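Heads up, the thing below is written out as structure tokens.
Just so it is clear, the model here is predicted, and its values are computed rather than measured.
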Number of protein chains: 2
Amino acid sequence: MSDSIRIMLVDDHAIVREGYRALLQKQANFEVIAEACDGAEAYTLYKEHRPDVVVMDISLPGQSGLKAIERIRQFDNQAKVLVFSMHQNPSFALQATRAGALGYITKSSDPEVLIRAIVQISNNKHTLSADIAQALAMEKLGHDQSAIDELTVREFEILRLLLEAKSSQEIADLLNISPKTVANSHYIIKKKLGVNSDIELTRLAIKMNLVNLLELVDEAT
Amino acid sequence: MSDSIRIMLVDDHAIVREGYRALLQKQANFEVIAEACDGAEAYTLYKEHRPDVVVMDISLPGQSGLKAIERIRQFDNQAKVLVFSMHQNPSFALQATRAGALGYITKSSDPEVLIRAIVQISNNKHTLSADIAQALAMEKLGHDQSAIDELTVREFEILRLLLEAKSSQEIADLLNISPKTVANSHYIIKKKLGVNSDIELTRLAIKMNLVNLLELVDEAT
DNA sequence: ACTGGCATCGGGAAATTTGCCCGATGACAC
DNA sequence: GTGTCATCGGGCAAATTTCCCGATGCCAGT
């Protein structure tokens, strides 16, 4: 094989891809050979180009980031996917690794962390950014978050909005769905998590680290 | 005046009073001259005996602990009341000091902390146990909890139970009132705190330190 | 003792939400 | 094509929320 690492970028924002490409191309042994703007395209282009490493944001239109990882891994179980997400929440990392990602680093990481991660991943080594690793370790010690796994990606998204104390109508507007659907999801979420009230739901969410407590405590009322 | 400190104990559990009395009598200069089992009796006995220090639990039947402090202070604005409560929650301490208590220490404190506190109080010095002092200081720095002050003692009590994710029926059974009253209070509490949902209520409660986060995170699901 | 204020308790009734059902659609695997 | 599953939402009875109300009791002031 070539001694350079062939990379595919997946992000729905062209500007963002542009920036990453510029950054990565500065590395002598990195080569960005493809870019995709959604999960479907990522899958197609992966089959076409067989990159060494996929660098992917999972917050994609249609929420198909995780699904794309699954499909790519199904097509090639040696596929090396590095998730590069804005979410500091370890649950995302869990979902991503479960879907088959080899690494997860947050966008707030240093550029060189990204670069090192890509090298690591290309050598088939798992990689987590320090903040995520720590958070995950804490969770491992603490709670069983199997219940959260029951949630679909969409439900998880609605849960996050609910936890921000948004109303059904606000969430419906944000996601462009009917308030009725939000209400139904709200109900299903409570069922799946085994809670009977929103207060219990909030407590559980805090236990599971779905709520950033520092942010909560600091925010203006 | 005598060189011994004349103490009145107020607690609804006779056994508890017994224990404290035994403990306090061991101090050469302490003298337990009266005991009351509720707020009304505390008021009456205070007028009768004029103790130097009142040591009082505020979780009394009828929730008249705070009210009793107010009345006693109204009768004698030099009255020295030390609240000795099981609640680690600084909001209780705030309410107590607002009602006119000179000190607040938790029942989990060392016996000698209680003894020192009584001496301090008798010298008209404010006293808080270390845990409460720290929590209160944190609050001072942090949030404005003026909204909480709007709540009556009863409402505050119901709020605490609500935050434990208890149902209206459970709370009704605990307090021997109708679930309908609990629902009404629940509504009033949300109005007073200016929130629209239970999720918001829970978040606010966390901000205001009404929920012990460590306990929350540690407890079994 | 009377009065006014306030906390507590709960009934009533309309508006809203919840709980659980259902079918429709679309994406994907086999 | 067929099966599975996520997503979206309608329907509808049951439950809850919201806001009103009056009754009671405690306490303060006169």
Rounded to whole angstrom units, what separation is found between the [atom1] atom of [X] and the [atom2] atom of [N]?
X: Asn196(A); N: dC20(C); atom1: CG; atom2: P; result: 10 Å
X: Asp198(A); N: dT18(C); atom1: CG; atom2: P; result: 7 Å
X: Tyr187(A); N: dC8(D); atom1: OH; atom2: C1'; result: 17 Å
X: Ile188(B); N: dC6(C); atom1: CD1; atom2: P; result: 15 Å
X: Leu162(B); N: dT17(D); atom1: CG; atom2: P; result: 9 Å
X: Arg71(B); N: dC26(D); atom1: CZ; atom2: P; result: 11 Å
X: Leu159(A); N: dT7(D); atom1: CG; atom2: C1'; result: 17 Å
X: Ile189(B); N: dT18(D); atom1: CD1; atom2: P; result: 12 Å

Discussion item. Which is more 5' along DNA chain D, the nucleotide nearest Asn176(A) or the one nearest His186(B)? Just name the residue.
Written reply: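 Final value for this comparison: Asn176(A).
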Discussion item. Salt bridge or not between Asp76(B) and Lys47(B)? Use side-chain N to carboxylate O under 4.0 Å.
Written reply: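 Answer for the salt bridge query: no.
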Discussion item. Just to verify, which of Asp57(A), Val54(A), Ile72(A), Ile69(A) counts as forming a side-chain contact (heavy atoms from CB on, under 4.5 Å) with Val10(A)?
Written reply: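 It is Val54(A), the one option of Asp57(A), Val54(A), Ile72(A), Ile69(A) that forms the side-chain contact (heavy atoms from CB on, under 4.5 Å) with Val10(A).
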Discussion item. Students often get this wrong, so: under 4.0 angstrom with heavy atoms, is Ser178(A) touching a base, only sugar-phosphate, or nothing?
Written reply: sugar-phosphate
Among [options], the one nearest [X] by side-chain distance:
X: Arg154(B); options: dG12(C), dC9(C), dT7(D); value: dC9(C)
X: Ile177(A); options: dC20(C), dG10(C), dC8(D); value: dC8(D)
X: Lys191(B); options: dC9(C), dC19(D), dC8(D); value: dC19(D)

Discussion item. Go through it in stages, so that I can follow the logic: the residues are Arg203(B) and Glu200(B), the test is salt bridge (Lys or Arg N to Asp or Glu O under 4.0 Å), and I'd like the CA-CA distance, side-chain angles, deciding distance and then a yes or no.
Written reply: CA-CA 5 Å; Arg203(B) 294 176 67 101; Glu200(B) 234 183 311; over 6 Å; no
Item to complete: Side-chain contact test, heavy atoms from C-beta onward, threshold under 4.5 Å: evaluate it for Val55(A) versus Val81(A) and give yes or no.
Response: no
Item to complete: Would you confirm whether Arg6(A), through its side chain, and Arg50(A), through its main-chain N or O, come within 3.5 Å as a donor-acceptor pair?
Response: yes
Worksheet item: Going by modelled atom types, is there a donor-acceptor pair between the base of dG12(C) and the side chain of Lys180(B) at under 3.5 Å?
Response: yes
Worksheet entry | Distance-only donor-acceptor test (3.5 Å): side chain Asn184(B), base dC9(C) | no
Worksheet item: Closer than 4.0 Å, any side-chain N/O of Thr181(B) to the OP1 or OP2 of dC9(C)?
Response: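 Result: no.
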